Amino acid sequence: MGRPEKRLIDRRLGIFLAGLFLLTVAVPVGNLWMAGQPVPTYLVALIGKYLCYALLAVALDLVWGYCGILSLGHGAFFALGGYAMGMYLMREIGARGVYANPVLPDFMVFIGWKELPWYWYGFDLFPFALLMVLLVPGVLAFVFGWFAFRSRVTGVYLSIITQAMTYALLLAFFRNDMGFGGNNGLTDFKDILGFDLARPATKVGLMMLSAVALAGGLILARWVTTSRLGKVLVCVRDAESRTRFLGYRVEHYKLFIFTLSAMMAGVAGALYVPQVGIINPSEFSPANSIEIVIWVALGGRGTLVGAALGAILVAAAKTILTGALPEAWLYALGALFILVTIALPTGVLGALEGGIARLKRPAPAQEVEA
Amino acid sequence: MKAFLRMVLVLLALAEATAAGAADFATLVAALPAGGYADRAKVVRELGLSGDGRALKVLTALAGDDLKVMADGAVVIVYEKTGAAVGAVDGTDKGTPAADSLQRIKLNNAVRRALRTATGMLTLRDPDPAKRLSAARDALRAADPEQIEALDAALAAETDPAVKTVLAEAKAAAVLKSGEASEADQLAAVTLLAQRGDEAAQAALAPVVNAKDPAVAAAVKKALADIAEARKLWGLAQNVWYGLSLGSVLLLAAVGLAITFGVMGVINMAHGELVMLGAYTTFVVQQVIRADAPGLFGWSLAIAAPLAFLVAGGVGVAIERGIVRHLYGRPLETLLATWGVSLMLQQAVRSIFGPDNRDVGNPSWMSGAFHLGQMQVTWNRLWILVFAFAVFTVLLIVLKRTAIGLQMRAVTQNRAMAANMGIRTGRVDALTFGLGSGIAGLAGVALSQIDNVSPNLGQGYIVDSFMVVVFGGAGNIWGTLAGAFTLGIANKFLEPFAGAVLGKILILVGIILFIQKRPRGLFAVKGRAVEA
Amino acid sequence: MTHPHAIGGLPPETQPQLYLDGVSRAFDGFKAINNLSLVIERGELRAVIGPNGAGKTTMMDIITGKTRPDEGQVLWEQTVDLTKLDEADTARLGIGRKFQKPTVFESHTVEDNLALALKADRSPWAMLFRRAGAAEAARIDELLGTIRLGDARKRLAGDLSHGQKQWLEIGMLLAQDPQLLLVDEPAAGMTDAETMMTADLLKSIAGERSVLVVEHDMDFVRALDCKVTVLHQGSVLAEGRLDAVSEMPEVIEVYLGR
């Protein structure tokens, strides 16, 4: 956690955004217009997926890196955003499903439902679905955070109940009678806003949209964290009790950032689903949520850009390793968790910049009451 | 025409025989193909009453559609596989008749019912008491007034008290059904069934609730109400038992965590994997025993338990010395690092033993079940409950009564002071962590008896066991005990209403809300130091 | 909210800033505060002394709403019931608290530490859009002068020395513009010169604000030259000038042992 610069777009963010821009230009050109197609279409979807992960990591970094809330349930917000988008995509299929029912998705026909449940109403409208992408994770985070922060549940206790939250959702979404496709989730999407999801151009478009969302998310997060509010968040992280004694309502600050972060995670999920073509309950599994944490920890907690980089690095490593040496992936991921926490507490970015700047500081602040 | 004549003759003979009181076995068998379904059912009943040892074989063949009539009118049993036929009465060889020359003896539901009752009556005389008991239960279920005679005969001959009780109850049910006995007899029958008080008694009494005799009807009504009440209580008891059983599993999974998390304040996300290692240790021990000393199989769990404790405890000490030690005071980092360990342990086990479930056997004393009143109790669940309490007790003694327990408590309360007193805090940390981990291994031995032993075994328990510790209140192993059983019982009581999955979700939501109210759990350690 | 006239036994001519009456608080049966009564007048400087475990920190916790008393009355400016409020509420009312161990925001600069402490709208929404202004900069300059950290304004608070952190925390306290300052052992870990300087600073603050100092260091208390309250086992043992109090036999007994 280096010394924060005051500018909205500091050098770190500037470099990253420039790289992101190059990527959004190079990938479409390489995929759609160059002879020999140096960027195959599967790679486009893969890059798009990584960018969604990066946005999710930025969302987690907002709460963990800046406010000290280690959420082990951020995968839930991601998945809820994904389900909201998935519901739109299901309705968009219309009568082209296996059972050719113009209203009911295939899985509902399959389990013998006659009518669309009320909570599926409106998802045939894209703007409504977008609203839900933000609202559903946001409201869950708000309600959950309202209870948790007001009663001052902190530290590992908070982490454990966020894990319980996503676990409960996992179990719930596995149930067929929840009306979200149970085990199989939502899949077999055809198109989005009339664009065929199977076409390379659509995939390129979605990937570019993900890049824009990531850039927007980073700038928004940077704006929030460089504001006065962002400084109070760091106060809460480093000395929560002291912050209260200065007259700040710590729970309101936590609630604000937790809800904002959940909505960002929801957007990431919504962009992720059309690119991978499926959303199912496994996205709620506690293991997924913990993996997000290692992205942030590896990249560098409290750096935003580091979180995004960490997500891309780990996800790419996962793709490569699970393809080449499937046995080795969990060993590598496990070792990463151990190494980063013990040897790289400031993450790759922190270590890099720390190495350059050689900032010498005493041990981190401790809570007053400890 | 010839067939018709034969039928008339047989019927006449049968009428004569019935009139005489006891029909000849051969005549009865010969009469089986004759007449309509009603006649056939009557003959079957007669055969059942005959008590003839050969009748059971004939009736079983009839039920299995193996009793045929040959062209010459002889009734034969045809063996399905070979097609060979033997005489139904005397067992003489009748060769292998052509399939199309044989005539079937058709059955309808009434005849089948008669067949069941008749075979039941014949089995009531079987030399094997277990078979007689089962036949008596069938008779109770059938409650057939026409069996009263046969039941009386069986009751007179019966020596086994358990069978005798059921026979008497079956007779009571039949007597009530017929409604022809004296009021006193009927009331006695109601009393007898009310004493039985289970579902079968309920089924026997329910049809006679509108008996003609008002006194009997009232008695039946009261008996039914009593039975319903009793069954509700037994149902409750059964649910409590299921809850206790789940609670004991949760206790085993969580009590090790209560040491590492509750006492030391270390979040060990690899706890579930240590449980898994215990289960795999059991698997390996059983493999070795199967291969080299099959006679020791009954002892396999007793041998596996200390080994599992050592394996899991050893891994735990390694985790503490290698990783956790560097992260004291940084609980969130500890959580992440031990999660990494859990991934590696899972993959290691997957690489060595494969991803599929491994077969861990139950020794004979762990299998089967017994009835306690109307409650079914399986031996493995009972032993696990006993084991959980034993582990808990030993742990309490270790913590409260031994030198190492004293040192553990000293180090966790005031590390610097303990170090000044000459306690080697590093060694105590490692031992404490090892103890918690070893207990996880013991849990694995127990869980291998009721759960699938796979690399994912631990994942299923980690959220639950954290919930138990957090709910019970970290730092208090009595809280863990209370938490485990509260959650276990609550879960089992929610299941009938909400279903297993929804019940579990409700529990999780309940705990999340509970932590808001009491962030330090059910049995919070109170005091100024904690409050600060 | 209790109406001022509801308070029994209070002389009408006094206007106490803080009023504690019959306050008790037990932890697991141990009475940390036992029937404690204390009145701080507006603008008063008061020192509270007492052996370890006398209940000084718990008393401050109760005043700031961190701990709820089991019984008793705690009133702010005769009207506001402090037992219903939490830390943020009491801070907004104008109660500033300095901890025994200096606690500043180590990842922020000295300047930011002060800026965050300045009296202003504390809602997240307001904080999200607030930007530094000229008035704010002037106020910070003034505070930096008072606490003699002008040269360190751009340094991270975590890089300061122990004494500098103590001063920064006092500066943050002043930035809050509180009506009452609760100061817990400010002289701990300070050199003699720093101790005397701190005493002077607190004396200069008193008058327009009320100050309640908890301290062990008798030289420091003497330098404060104010009314002293002796706490023992959670209640007031004696009250008065230091010279008078230190001659009371019960005080001597508590301090020197039986």
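So you know, we letter chains A, B, ... as the sequences are listed, proteins then strands, and number each from 1. All of these numbers come straight from a predicted model, not from anything done at the bench.
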(message) If we define contacts as heavy-atom pairs under 4.5 Å, which of C:P178, C:A115, C:A88, C:A117 has the most with chain A?
(response)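 Max contact count across the listed options: C:A88.
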(request) Looking only at non-hydrogen atoms, find the nearest pair between C:M127 and A:Y248 and report the distance. (result)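 Heavy atoms of C:M127 and A:Y248 come nearest at CE-OH, 3.6 Å.
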(message) Restricting to non-hydrogen atoms, name the atom on C:R122 and the atom on A:Y253 that form the minimum distance, rounded to 0.1 Å.
(response)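 So the minimum-distance heavy-atom pair works out to O-OH, 2.6 Å.
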(message) Pair A:R242, C:E106 - check salt bridge (Lys or Arg N to Asp or Glu O under 4.0 Å), show working.
(response) CA-CA 12 Å; A:R242 188 84 194 90; C:E106 311 219 345; over 6 Å; no
(message) At a 4.5 Å cut-off on heavy atoms, which part of A:F256 comes close to chain C: side chain, backbone, both, or neither?
(response)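 It is the side chain, since no backbone atom gets that close.
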Taking the side chain as everything from C-beta on, heavy atoms only, tell me whether [X] gets closer than 4.5 Å to [Y].
X: A:E251; Y: C:D86; value: yes
X: C:P124; Y: A:R249; value: no
X: C:H108; Y: A:K231; value: yes

(message) I'd like to know whether CZ of C:R148 has more than 12 heavy-atom contacts from other residues, nucleotides or ligands below 6.0 angstrom.
(response)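 Incorrect, the count does not exceed 12.
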(message) If you count heavy atoms of other groups shown closer than 6.0 angstrom to CG of C:D151, is the number above 12?
(response)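 Count not over threshold, so no.
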(request) Would you give the length of the straight line joining atom CG of A:D238 to atom OG1 of C:T103, rounded to the nearest 0.5 angstrom? (result)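 Answer rounded to 0.5 Å: 11.5 Å.
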(request) With rounding to the nearest 0.5 Å, note down the distance linking CZ in A:F245 to CG in C:L182. (result)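 Interatomic distance, A:F245 CZ to C:L182 CG, rounded to 0.5 Å: 9.0 Å.
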(request) Please assess A:S227 against C:R130 for the test side-chain contact (heavy atoms from CB on, under 4.5 Å), listing each intermediate value before the final yes or no. (result) CA-CA 7 Å; A:S227 73; C:R130 180 167 315 136; over 6 Å; no
(message) Does any backbone or side-chain atom of C:S123 lie under 4.5 Å from a heavy atom of chain A? Answer side chain, backbone, both or neither.
(response)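 Answer is backbone: N, CA, C or O of C:S123 sit under 4.5 Å from chain A.
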(request) Evaluate the side-chain contact (heavy atoms from CB on, under 4.5 Å) criterion for residues A:L246 and C:F105: first the C-alpha distance (whole Å), next the side-chain angles of each, then the deciding distance (0.1 Å), finally the verdict. (result) CA-CA 12 Å; A:L246 278 185; C:F105 302 118; 3.6 Å; yes
(message) Only pairs of heavy atoms separated by less than 4.5 Å count here; which of A:T243, A:I257, A:V250 has the most with chain C?
(response)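 Result: the option with the highest number of such pairs is A:T243.
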(request) Verify whether the ring centers belonging to A:W223 and C:F129 lie closer than 6.0 Å. (result)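 Yes, the ring centres sit under 6.0 Å apart.
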(message) By the side-chain hydrogen bond (donor to acceptor under 3.5 Å, both in side chains) test, which pairs, at least two apart or in different chains, include something from residues 135-145 of chain A?
(response)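 Not a single pair qualifies under side-chain hydrogen bond (donor to acceptor under 3.5 Å, both in side chains).
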(request) Select all residues of residues 133-149 of chain A having any heavy atom within less than 4.5 Å of some heavy atom of chain C, and report them by number, or 'none'. (result)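 Contacts with chain C: none.
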(request) For the pair A:R244 (side chain) and C:A91 (backbone), establish whether a donor and an acceptor sit closer than 3.5 Å, ignoring hydrogens and angles. (result)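 Here the side-chain-to-backbone pair does not exist.
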(message) Between A:R228 and C:E136, does any side-chain N to carboxylate O distance fall below 4.0 Å?
(response)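 The answer is yes: the pair qualifies as a salt bridge.
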